[in-house]
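Just below is one structure, and these are the notes that go with it.
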Amino acid sequence: MNLRLKINGIQHDIRSDPDTPLVYVLRDELKLKGTKLGCGLEQCGACAVMVDGKAVLSCVTPVEVFDGQEITTIEGISETEVGKRVQQAFIAQTAAQCGYCTSGLVVAATALLSKSPKPDDAATKAALTLHLCRCGSHPRVLRAIKEAIAE
């Protein structure tokens, strides 16, 4: 099976087995290391990417499911105005400690603000439900998202 994925605006012919989870294709075949493999069970959010504008976890779902869809990884997130704003707000608010969860949180926040430019606190927290930060950076993450909304 021949798969073509459009990732960060670039078409890629994928050689991996179609059952390979997307995160492994991104990291191992395409060398896009920003998307992290955390739990491998879609329970931590470190593996989040944007697929057709929506935050999606990539550590379990086979790459063949993404054939023909627009995928944006953390490496491409700053190519959008919203993504750039979110990243700058995360930096300004020091919304990362160890940084392992940060790419997934930035992707989730970018997807949220792209869809809903001024979400309320409940919508913001709901968008982050699947994202764990073991360092306890969530208060700074929420401040960063508020900053990105205000800009």
Side-chain angles (χ1 to χ4, degrees), residues 1-87 89-91 95-117 119-138 140-142 144-145 148-149:
M1 177 180 226
N2 201 9
L3 296 174
R4 286 187 59 86
L5 298 181
K6 189 172 185 181
I7 302 170
N8 301 327
I10 300 169
Q11 289 286 346
H12 295 275
D13 291 316
I14 303 304
R15 294 180 305 247
S16 297
D17 184 290
D19 289 331
T20 304
L22 177 61
V23 70
Y24 291 105
V25 173
L26 294 173
R27 292 181 58 78
D28 299 339
E29 185 172 332
L30 300 177
K31 306 303 181 203
L32 296 170
K33 303 290 187 177
T35 303
K36 305 296 184 201
L37 177 63
C39 66
L41 300 169
E42 292 187 340
Q43 295 180 358
C44 75
C47 66
V49 296
M50 281 189 357
V51 179
D52 294 333
K54 181 181 178 196
V56 173
L57 303 182
S58 66
C59 67
V60 173
T61 307
V63 67
E64 69 183 343
V65 170
F66 301 99
D67 191 29
Q69 297 180 16
E70 179 76 32
I71 299 167
T72 305
T73 67
I74 191 67
E75 290 88 352
I77 213 87
S78 67
E79 297 302 314
T80 68
E81 184 57 38
V82 173
K84 188 181 305 182
R85 211 169 62 230
V86 168
Q87 284 183 324
F90 267 64
I91 292 167
Q97 191 161 323
C98 82
Y100 205 83
C101 66
T102 307
S103 63
L105 286 163
V106 168
V107 166
T110 301
L112 171 67
L113 298 185
S114 295
K115 183 181 104 181
S116 176
D120 61 18
D121 289 346
T124 300
K125 289 176 183 177
L128 301 179
T129 300
L130 297 176
H131 297 269
L132 300 177
C133 172
R134 293 174 192 219
C135 300
S137 294
H138 274 96
R140 289 179 281 167
V141 168
L142 294 172
I145 293 171
I149 290 167

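We number each residue from 1, following the sequence as shown.
Once rounded to the nearest 0.5 Å, the distance linking OG1 of Thr102 with CD1 of Ile74 reads 8.5 Å. Here Lys33 contributes atom NZ and Lys31 contributes atom NZ; the two are 5.0 Å apart, rounded to the nearest 0.5 Å. Interatomic distance, OG1 of Thr72 versus CD of Glu79, reported as 9.5 Å (0.5 Å rounding).
Residues passing the side chain to side chain contact (heavy atoms under 4.5 Å, CB included) test with Thr61, sequence neighbours excluded: Glu42, Val65, Phe66. Applying the side chain to side chain contact (heavy atoms under 4.5 Å, CB included) criterion to Ser114, with sequence neighbours excluded, gives Val82, Thr110. Remark: Thr73 engages Ile7, Asn8, Leu26, Leu32, Thr35, Val49, Ile71, Glu75 in a side chain to side chain contact (heavy atoms under 4.5 Å, CB included) (not counting sequence neighbours). A search for salt bridge (charged side-chain N to carboxylate O under 4.0 Å, His left out) contacts involving Arg15 returns nothing, not counting sequence neighbours.
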Exercise for the section: List the steps and the verdict of side chain to side chain contact (heavy atoms under 4.5 Å, CB included) for Lys36 and Ser103. Expected result: CA-CA 8 Å; Lys36 305 296 184 201; Ser103 63; 4.0 Å; yes
Exercise for the section: Verify side chain to side chain contact (heavy atoms under 4.5 Å, CB included) between Thr20 and Asp28, making sure each step is shown before the conclusion. Expected result: CA-CA 11 Å; Thr20 304; Asp28 299 339; over 6 Å; no
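Of all heavy-atom pairs spanning Ala89 and Ala144, the tightest one is CB-O, 3.2 Å. Contact record, Cys44 with Gly38: SG-CA, 3.7 Å, taken as the closest heavy-atom pair. Considering all non-hydrogen atoms of both residues, Val141 and Ala95 come closest at CG2-O, 3.6 Å.
For Ser116 (side chain) and Leu113 (main-chain N/O), no donor-acceptor pair under 3.5 Å exists by modelled atom type. Formation of a donor-acceptor pair under 3.5 Å by the Arg4 side chain with backbone atoms of Asp13 is not found in this model. Checking side-chain atoms of Tyr24 against main-chain N and O of Cys59 turns up no donor-acceptor pair under 3.5 Å.
Applying the salt bridge (Lys or Arg N to Asp or Glu O under 4.0 Å) definition to pairs two or more places apart or across chains, none involves residues 45-63.
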Atom pairs and distances, side-chain donor-acceptor, residues 123-137, under 3.5 Å, sequence neighbours left out:
{"residue": "Thr124", "atom": "OG1", "partner": "Asp120", "partner atom": "O", "Å": "3.1"}
{"residue": "Thr129", "atom": "OG1", "partner": "Lys125", "partner atom": "O", "Å": "3.2"}
{"residue": "Thr129", "atom": "OG1", "partner": "Ala126", "partner atom": "O", "Å": "2.9"}
{"residue": "His131", "atom": "ND1", "partner": "Gly45", "partner atom": "O", "Å": "3.3"}
{"residue": "Ser137", "atom": "OG", "partner": "Arg140", "partner atom": "NH2", "Å": "3.1"}

